[in-house]
Chemist: 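The structure's right below; bear with me while I get my questions together.
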Amino acid sequence: MPLRVYSTLSRQKEEFQTVEPGKVRMYLCGPTVYKPAHIGHMVGPVIFDTIKRYLTYAGYDVTFVVNITDVDDKLIVKAQEKGTTVKALAEQMTADYFDNLKLMGVDSVDQFPYATDHIADMLAMIARLIEKGHAYPLEGDVYFAVDSDADYGKLSNRSIAQMMAGTRVEANDRKRNPADFALWKSSKPGEPAWDSPWGPGRPGWHIECSAMSARILGDSIDIHGGGLDLMFPHHENELAQSESCSGKPFARYWLHNGLMQSGRQSGKVGGQHSRQGDAPASEEDQIAGKLAGSAGAESVKSAVFAHHPPEVVRFFLLSTHYRSPIDFSLENIAATGKSLEGFHRLFEEYERISGKSAYALPAPTKRTETTSLAAVESLAPEVAAELASLRDRFTEAMDDDFNTGGAVATLFDMRRVINGLVNQFTAAGAKPDAAQQAALTASVKLLMELAHTLGVFRTPPAKAAGQQDDLVEGLMQLILDIRADARKSKNWPVADKIRDALKTLQVVVEDRPDGVRWSRG
RNA sequence: GGCGCCGUAGCCAAGCGGUAAGGCAACGGAUUGCAAAUCCGUCACCCCCGGUUCGAAUCCGGGCGGCGCCUCCA
């Protein structure tokens, strides 16, 4: 099955063919760093990080660029409000952004170009656009002339006439066409400014992406990504600038991710389906408020990760198709977290059996080097066949416009199959022999191979605070020792009382054939 | 007003013309002293009405309902 992707430009799925065979050039519109990153800012990076991982797995050599827009009107306003400089604010917010990306496991980005490092490229592009008759200077500003671009509006499917009909485009008699947008803005005193042939000023909003994309990836790239909200005007204008300037197609595939919606914005939660008596509602509303980006915006780190591990949030984002909107709610994320527990239990079990960390298994990162199931084949051919078939289902789903939701389902199936194998090998408390361990290793490695293309299960779940406490360890040993004695003498009331009491303290005790086990929830 | 998306079980969600994946929850069973974990099993008239087709959740038309963009929000 060839890889197929949906492009906003053609409004249909197309077979994926790169400009240069085997290579993928991918550009994702990054943040304007004027406020702390909120959970919505993580959607695009996680999705395109996953896309890069999968494309790499599929055999492509991918270059992935995410820009940092560190000069902008919002930045100027915010810096003034806070009594700091644009530069200082941008640096601070960029650090916060990187911080969050790291937590989310987004580590496949090759370059983060800064707008302010590419002013010269932008000036050159603007000059070229003027030269070619696509832009005109006006009192220190430079505007792009939408009338000069015959197919302006093709990305967001709108015509200039339509936009004029709407009341939203305010009349500006200075511009030739009200829809013309700024490539260069003259600066007022005190604002960040760079010299230009048209006087001191700063770049318009869209030109930085066009210039940096061309500089780093070339005139024609393969994938241009971003949130659905950027389709117009940002991407439409980028497209118009870039193609008018180079005369070549700008991006082969435009991928737009759906936006995250807070519980309050979503009719599903706020409307008639609203559940009554939801205890965490107030807290959730708070975070939802932060999502909306209004007052008191706080970094994702404190707003969301305080409640859920980043990996759970990442998995949550990948549980649905990237183009669909996703409802943010603590309840939904908690459900995701619950569904992941079984995986980590399996990995712990594997470690107990084999003495090896599942997370540290050297899982292949290329489809062509996929995990051999020979060790499984020799012991349980039907299981090997099932695992192989699940692997195929996984790649088929991913090949179909990166259907992570469908792909995730096969991971759950795989978990069930491997658990069955574990049960088979450990029946009656038996210790799996070398051949059985090899079969388990191959199975778990395959699961990891696929999971890693989604960027999940790369590290063990973070231990809860206090988990490593020596005192707790000692006390637990004592308590369970006492309980073991009680069980030995069949004193069930005492044994059960201890277990029940521990449960109220979030400590789960399991009596297994091979001994007692405890864990903190 | 213009452009576009969506409506599948209590909840999340896949499905892209051939007779409904997966997860959470729930309920049976195996297992267990009882539990937990795990495994097996049960659980969907695919918003409504027409149409196309041998056959539609899937295509077309019309409703109803929800959402987004057209305001320098990812």
Side-chain angles (χ1 to χ4, degrees), chain A residues 4 8 11-13 28-32 35 37-45 47 69 72-74 153 156-159 161-163 165-170 181-182 204-206 225-234 237 256-261 265-268 270-273 275 292-293 316 319-321 323-327 329 331-342 345-346 349 393 397 400-401 403-413 415-417 419-420 422-424 426-427 487 490 492-493 495-496 499-500 503 508-513 517-519:
Chain A
R4 295 170 76 231
T8 305
R11 274 166 278 279
Q12 61 186 356
K13 280 184 200 168
L28 172 68
C29 284
T32 297
K35 66 178 182 187
H38 65 245
I39 183 67
H41 288 114
M42 295 296 111
V43 179
I47 284 163
T69 298
D72 175 89
D73 294 5
K74 293 195 295 291
S156 57
N157 190 31
R158 63 191 75 201
S159 68
Q162 269 169 17
M163 291 164 53
T167 53
R168 302 303 189 103
V169 179
E170 61 189 78
F181 55 91
W205 177 31
H206 321 292
L228 210 47
D229 55 336
L230 291 183
M231 191 171 81
F232 187 90
H234 185 57
N237 291 350
H256 288 104
N257 61 269
L259 305 182
M260 180 168 278
Q261 302 175 346
Q265 287 170 312
S266 158
K268 269 203 163 165
Q272 57 177 355
H273 298 284
R275 310 175 124 224
F316 171 66
S319 66
T320 182
H321 188 88
R323 224 171 324 105
S324 307
I326 185 164
D327 284 336
S329 78
E331 192 188 350
N332 289 349
I333 298 177
T336 300
K338 194 117 177 54
S339 70
L340 294 186
E341 286 172 9
R345 271 196 296 264
L346 169 62
E349 184 70 15
R393 268 176 51 203
D400 183 12
D401 196 29
N403 181 358
T404 53
V408 158
T410 67
L411 258 32
F412 281 98
D413 281 331
R415 179 183 82 181
R416 180 172 40 72
V417 170
N419 269 326
V422 170
N423 282 356
Q424 189 185 320
T426 59
R487 293 187 72 224
K490 297 201 189 300
W492 308 126
D496 292 348
R499 189 175 59 196
D500 292 346
K503 190 165 188 184
V508 178
V509 176
E510 298 173 41
D511 296 309
R512 296 188 164 248
R517 209 179 275 175
W518 68 277
S519 60

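The sequence lines fix the lettering, A, B, ..., with proteins before strands; numbering per chain opens at 1. Heavy-atom basis, side chains included; hydrogens, waters and symmetry copies ignored.
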Chemist: Among all residues two or more places apart in sequence or in another chain, which pass the salt bridge (Lys or Arg N to Asp or Glu O under 4.0 Å) test with A/Arg415?
Modeler: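 Testing A/Arg415 for salt bridge (Lys or Arg N to Asp or Glu O under 4.0 Å), a comparison that skips the adjacent residues, returns none.
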Chemist: I want to check one thing: is the phosphate of B/C3, taken as OP1 and OP2, less than 4.0 Å away from some side-chain N or O of A/Asn157?
Modeler: no
Chemist: Roughly how far apart, to the nearest Å, are B/G15 and B/G68 at atom P?
Modeler: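 23 Å, rounded to whole Å.
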Chemist: Need one value for A/Leu259: base, sugar-phosphate or nothing, where a base atom within 4.0 Å counts as base even if backbone is also close, heavy atoms only.
Modeler: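 Answer is base: heavy atoms of A/Leu259 come under 4.0 Å of a base.
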Chemist: Considering only B/C67, B/G22, B/C72, which nucleotide approaches the side chain of A/Asp413 most closely?
Modeler: B/G22
Chemist: Both distances below 3.5 Å, Watson-Crick or wobble geometry, any strand: find the nucleotide opposite B/A56.
Modeler: none
Chemist: Give none if B/U31 has no partner; otherwise give the nucleotide forming a Watson-Crick or G-U wobble pair with it, both distances under 3.5 Å.
Modeler: none
Chemist: Look at the side chain of A/Arg499 and the base of B/A35, then say whether one donor and one acceptor between them are separated by less than 3.5 Å.
Modeler: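 It does, because a donor-acceptor pair links the side chain of A/Arg499 to the base of B/A35 below 3.5 Å.
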Chemist: Rounded to the nearest 0.5 Å, how far apart are NE2 of A/His256 and CG of A/Leu230?
Modeler: 7.0 Å
Chemist: Which value, in whole Å, describes the distance between the C1' atoms of nucleotides B/A13 and B/C3?
Modeler: 28 Å
Chemist: Report yes if a side-chain nitrogen or oxygen of A/Arg323 is closer than 4.0 Å to either non-bridging phosphate oxygen (OP1 or OP2) of B/C6; otherwise report no.
Modeler: no
Chemist: So, A/Asp400 side chain and A/Asn403 main chain: donor-acceptor pair closer than 3.5 Å or not?
Modeler: no
Chemist: Write down the distance between CG (A/Asn423) and C1' (B/U32), rounded to a whole number of angstrom.
Modeler: 14 Å
Chemist: Distance check needed: B/C69 P versus A/His234 NE2, whole Å only.
Modeler: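 Taking NE2 of A/His234 and P of B/C69, I get 16 Å after rounding.
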Chemist: Quick check for you: among B/A74, B/G33, B/A37, whose closest atom lies nearest to any side-chain atom of A/Glu510?
Modeler: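 For the A/Glu510 side chain, the nearest candidate turns out to be B/A37.
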Chemist: So which nucleotide does B/G15 pair with, by the Watson-Crick or G-U wobble rule with both distances under 3.5 Å?
Modeler: B/U8
Chemist: To the closest 0.5 Å, what do you measure between NE2 (A/His321) and OG1 (A/Thr404)?
Modeler: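 It comes to 7.5 Å.
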Chemist: Check whether A/Asn332 reaches the backbone of A/Asp327 with its side chain - one donor and one acceptor, N or O, closer than 3.5 Å.
Modeler: yes
Chemist: Taking the minimum atom-to-atom distance to the side chain of A/Arg512, which one of B/A74, B/U38, B/A37 wins?
Modeler: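 Nearest listed nucleotide: B/A37.
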Chemist: In whole Å, what is the span from the CE atom of A/Met260 to the P atom of B/C67?
Modeler: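 Nearest whole value for this atom pair: 18 Å.
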Chemist: Using the closest heavy atom to pick a nucleotide of RNA chain B for each, name whichever of A/Phe232 or A/Asn403 lands nearer the 5' end.
Modeler: A/Asn403
Chemist: Would A/Arg416 and A/Asp413 pass as an ion pair if we require N to O under 4.0 Å?
Modeler: yes
Chemist: For the C1' atoms, the ones on B/G23 and on B/U8, what distance do you get once it is rounded to whole angstrom?
Modeler: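 It works out to 15 Å between them.
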Chemist: Looking at the side chain of A/Ser339, which of B/A74, B/C24, B/A21 is the nearest nucleotide?
Modeler: B/C24
Chemist: Please report the closest heavy-atom contact between A/His41 and A/Lys35, naming both atoms and the distance.
Modeler: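 Shortest heavy-atom contact: CE1-CE, 4.0 Å.
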Chemist: If I pick the P atom on B/C48 and the same atom on B/G7, what distance separates them, to the nearest angstrom?
Modeler: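 After rounding to an integer number of Å, I get 13 Å for this pair.
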Chemist: Considering every strand and a 4.0 Å limit on heavy-atom distances, what is the contact class for A/Val509: base, sugar-phosphate, or nothing?
Modeler: base
Chemist: When rounded to the nearest 0.5 angstrom, what is the spacing between CG in A/Leu228 and CG in A/Asn257?
Modeler: 7.5 Å
Chemist: Provide the distance between the two P atoms, one in B/C49 and one in B/C40, to the nearest whole Å.
Modeler: 38 Å
Chemist: To the nearest angstrom, how far is A/Gln261 atom CD from B/G7 atom P?
Modeler: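 It is 13 Å, rounded to the nearest whole Å.
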Chemist: From A/Phe412 CZ over to A/Leu340 CG, what is the distance, rounded to the nearest 0.5 angstrom?
Modeler: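 Separation between the atoms: 6.0 Å.
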Chemist: Take atom C1' in B/A36 and the same atom in B/C12, then report the distance between them in whole Å.
Modeler: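 About 25 Å, rounded to a whole number of Å.
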Chemist: Let me have a per-nucleotide readout for nucleotides 25-30 of chain B, 5' to 3', with B, S or -, counting only protein heavy atoms under 4.0 Å.
Modeler: S-----
Chemist: Would you check if A/Phe412 stacks with the base of B/G23, given a 5.5 Å centroid limit and a 30° plane limit, both strict?
Modeler: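 Base of B/G23: not stacked against A/Phe412.
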Chemist: Which whole-number value in Å describes the distance from A/His256 NE2 to B/C69 C1'?
Modeler: 11 Å
Chemist: Quick one: list whatever passes ring-ring contact (aromatic ring centres under 6.0 Å, His included) with A/His234, sequence neighbours left out.
Modeler: A/Trp205, A/His206
Chemist: Return the nearest nucleotide to the side chain of A/Arg345; candidates are B/C12, B/C69, B/U38.
Modeler: B/U38
Chemist: What nucleotide among B/C3, B/A14, B/C39 has an atom nearest to a side-chain atom of A/Thr320?
Modeler: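 Looking only at side-chain atoms, A/Thr320 lies closest to B/A14.
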Chemist: Nearest of B/U38, B/A21, B/G33 to any side-chain atom of A/Ala409?
Modeler: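 Of all the options, the side chain of A/Ala409 is nearest to B/A21.
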Chemist: Tell me: CD of A/Gln424 to C1' of B/C40, nearest whole Å?
Modeler: 15 Å
Chemist: For B/C73, does the base pair up with any side-chain atom of A/Lys74 as donor and acceptor (N or O, under 3.5 Å, distance only)?
Modeler: no
Chemist: Let's test your reading of the model: under 3.5 Å, does the base of B/G33 pair with the side chain of A/Arg487 as donor and acceptor?
Modeler: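 Answer yes: a donor N or O sits under 3.5 Å from an acceptor.
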Chemist: Considering only the C1' atoms, how many Å lie between B/C5 and B/C11, rounded to the nearest integer?
Modeler: 22 Å
Chemist: Contact class for A/Lys13 vs. all strands (heavy atom < 4.0 Å): base, sugar-phosphate, or nothing?
Modeler: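 Base: the residue A/Lys13, judged by heavy atoms under 4.0 Å, touches a nucleobase.
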Chemist: Which nucleotide in the set B/C73, B/G33, B/C72 lies at the smallest distance from any side-chain heavy atom of A/His41?
Modeler: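 For A/His41, the side-chain atoms sit closest to B/C73.
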Chemist: From CZ of A/Arg11 over to P of B/C16, roughly how many Å is that when rounded to an integer?
Modeler: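 It is 23 Å, rounded to the nearest whole Å.
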Chemist: Which whole-number value in Å describes the distance from A/Asp229 CG to B/C3 C1'?
Modeler: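 After rounding, the reported distance stands at 15 Å.
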Chemist: Can you tell me the pairing partner of B/G1 across any strand shown, Watson-Crick or G-U wobble, with both distances under 3.5 angstrom?
Modeler: B/C70
Chemist: Below 4.0 angstrom from OP1 or OP2 of B/C12, is there any side-chain N or O of A/Asn332?
Modeler: no
Chemist: Ignoring hydrogens and angles, tell me if any N or O in the side chain of A/Thr426 forms a donor-acceptor pair with the backbone of A/Val422 under 3.5 Å.
Modeler: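 Answer holds: yes.
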Chemist: Does A/Val417 or A/Leu230 map to a spot on RNA chain B nearer the 5' end, using the closest nucleotide for each?
Modeler: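 Counting from the 5' end, the first nearest nucleotide belongs to A/Val417.
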Chemist: Just compare B/C72, B/G33, B/A74 and give me whichever is closest to any side-chain atom of A/Pro233.
Modeler: B/C72
